[in-house]
Q: 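Take this structure first; my questions come after.
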Amino acid sequence: MMKLNTDVLKMLISKLPATHEGEIGCDDCFDVLHEFAEMELKGKSPEQAMPLVKEHLDNCGECRQEYQALLEGLKALNSPKN
């Protein structure tokens with residue numbers, strides 16, 4: 001867990017102008033993360049189809065890590081067996 005200190009508060013305050021009413025939170029992002037990953041693996045453009053998810057992943061390191069792990073797992077499942 002991140003400790004709340006002056007540096008963390010400054011970082012959080014600096015992010016406020018980038019927030020907007022329509023953005024999604026971690027729970028909503030996590031609910032559709034598999035769809036976003038599957039679209040990417042199929043060569044589609046998930047960032048165009050799901051811009052709020054893309055925006056959330058750009059701003060949330062935790063969700064981005066979850067996404068990368070999911071993407072790597074799906075790639076491994078879909079790769080031909082040797």
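One-based numbering along the sequence shown. Computed from heavy atoms alone, side chains included, the values below leave out hydrogens, waters and symmetry copies.
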Q: For the pair Tyr67 and Glu40, evaluate side chain to side chain contact (heavy atoms under 4.5 Å, CB included) and give the outcome as yes or no after the intermediate values.
A: CA-CA 11 Å; Tyr67 173 68; Glu40 183 171 327; 2.4 Å; yes

Q: Shortest non-hydrogen contact from Ser45 to Met39?
A: O-CE, 4.3 Å

Q: Please tell me if the side chains of Leu57 and Cys29 come closer than 4.5 Å, counting only heavy atoms from C-beta onward.
A: yes

Q: Indicate the atoms forming the closest heavy-atom contact of Arg64 with Asp58, along with that distance.
A: NH1-O, 3.2 Å

Q: If every non-hydrogen atom of Phe30 is compared with every non-hydrogen atom of Glu66, which pair is closest and at what distance?
A: CE1-OE1, 4.1 Å

Q: Which pair of heavy atoms, one from Ala37 and one from Leu70, lies closest together, and at what distance?
A: CB-CD2, 4.1 Å

Q: List in chain and number order the residues that pass side-chain contact (heavy atoms from CB on, under 4.5 Å) with Asn5, two or more places apart in sequence or in another chain; answer none if no residue qualifies.
A: Asp7, Val8

Q: Restricting to side-chain hydrogen bond (donor to acceptor under 3.5 Å, both in side chains), what partner residues turn up for Asp31, sequence neighbours left out?
A: none

Q: What residues, two or more places apart in sequence or in another chain, satisfy side-chain hydrogen bond (donor to acceptor under 3.5 Å, both in side chains) together with Lys75?
A: none

Q: Starting at CD of Glu72, measure out to CG of Leu77 and round the result to the nearest 0.5 Å.
A: 11.5 Å

Q: After noting the C-alpha distance and the side-chain angles of Cys63 and His56, does the key distance pass the side chain to side chain contact (heavy atoms under 4.5 Å, CB included) rule?
A: CA-CA 8 Å; Cys63 287; His56 185 83; 3.3 Å; yes

Q: To the nearest 0.5 Å, what is the distance between NZ (Lys54) and CD1 (Ile24)?
A: 12.5 Å

